[in-house]
Amino acid sequence: MSEVEIGRAKRARRAYTLDDIAVVPSRRTRDVQEVSTSWQLDAYHLEIPVLSAPMDSVTSPETAIEIGRLGGVGVLDLEGLWTRYEDPRPLFEEIADLDQRSSIARLQEIYAEPVKEELITERLNEIRSAGVTVAGALSPGRTQELWRTVVDAGVDIFVIRGTTVSAEHVSANREPLNLKRFIYELDVPVLVGGAVTYTGALHLMRTGAAGVLAGYGGGAASANRRTVGIAAPMATTIADIAAARRDYLDESGGRYVHVVADGSVGTAGDVVKAIACGADGVMLGTALARADEAPGRGWHWGQEAHHSRLPRGDRVQVGTAGSLEQILFGPSHTADGTTNLMGALRHAMAANGYSDVKEFQRAEVVVGG
């Protein structure tokens, strides 16, 4: 990987966003009807490589059920409004109507309400009763406190998601979460992230995680670059973590860890390029926040936007593009990449002669396309 000189005392590695790259058509094509988007996430066979981001503006119990019905996995934020309030719908209406200048302060007030364990159980049971895969997410800081409630509620996939998650968190104030011991003691597959480097991802894979989230989420709603100076160009991030997956496969004697792209995957083209860079699946925030059914009502925000001391995200308007089914499967009535994401993926795979997602990870890409 090439480096550039920032100044005499500092050099930087050159990295690429998904916008910087493009997939190159190969010499072979395939009938689109012969292309499969299905994948196997641990014990769960899924028809599409899509998980919803655990963000209140994206995933409610109702949208989690609908995403599961459509072949993906809806991941509920277990520290969100659905586990803080018995009926948060009026609050979603209020958030949609907030003045932009005061929105962060009001979000902080709304999210000051404590998480209630009985609501975690109730929400997960609601999703389970619909017969779809049940997935819930906690931040690393709340996992030790709430994980037993989540597991007892019958979660199928446990997601530990934060801005930056490491296998070696250091703290002099409290006992940090020991990921390796925690994952070993669980009976359910764990997805953990965000990871943005080869080394960080490799260490997370060694904890026994079933999957690693590549990136730190947020996408359009993230303000990490502006507030704390942190960014993760996603094409390079995914490719680095895919390399860690390959090397861990050899190191572990054949244990495969899934890589899920999480962040800056907002259009159909982004989905295509994320998988071409090596992702097994994608975690969609902005793309699904545009759904008619999305709880955010055309607005999008994450946990970073209501942090009590240092907000690192915004409430942003993303508008609506159609129903969840239309966003995932079409039909499209525009060429902006906001609808028929799976149709676009199938088309790209067929145009390059690949029959499934795993094969498409070998697609050739170029910079500056």
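What you see is a predicted model; the values in this text were computed from it and never measured.
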Exercise. Classify the side-chain pair Asp152/Thr149 by whether it contains a donor and acceptor separated by less than 3.5 Å.
Key: no
Practice problem: Decide whether Ser36 and Ser38 meet the rule of one side-chain donor and one side-chain acceptor closer than 3.5 Å. | Solution: yes
Can you list the residues that meet the side chain to side chain contact (heavy atoms under 4.5 Å, CB included) rule with [X], with sequence neighbours excluded?
X	answer
Ala43	none
Glu293	Thr63, Ala291, Ser323, Leu324
His307	Arg309, Leu310, Arg312
Ala239	none

Residue list, salt bridge (Lys or Arg N to Asp or Glu O under 4.0 Å) with [X], at least two apart or on another chain:
X	answer
Asp99	Arg101
Arg106	Glu94, Glu109
Asp87	Arg89
Glu113	Lys116

Quiz prompt | Residues forming a side-chain hydrogen bond (donor to acceptor under 3.5 Å, both in side chains) with Glu126, sequence neighbours excluded | solution = none
Quiz item: Can you list every pair that meets salt bridge (Lys or Arg N to Asp or Glu O under 4.0 Å) and has a residue in residues 277-287, with sequence neighbours left out?
Solution: Arg245-Asp280, Asp280-Lys358
Practice problem: Quick one: which residue pairs count as a salt bridge (Lys or Arg N to Asp or Glu O under 4.0 Å) with a foot in residues 203-216, not counting sequence neighbours? | Solution: Arg206-Glu251
Determine whether the aromatic ring centres of residues [Y] and [X] are separated by less than 6.0 angstrom.
X	Y	answer
His45	Trp39	no
Trp147	Phe182	yes
Phe92	Trp82	yes

Practice problem: Show which residues join Val4 in its hydrophobic cluster (side-chain heavy-atom contacts under 4.5 Å, direct or indirect), or state none. | Solution: Ile6
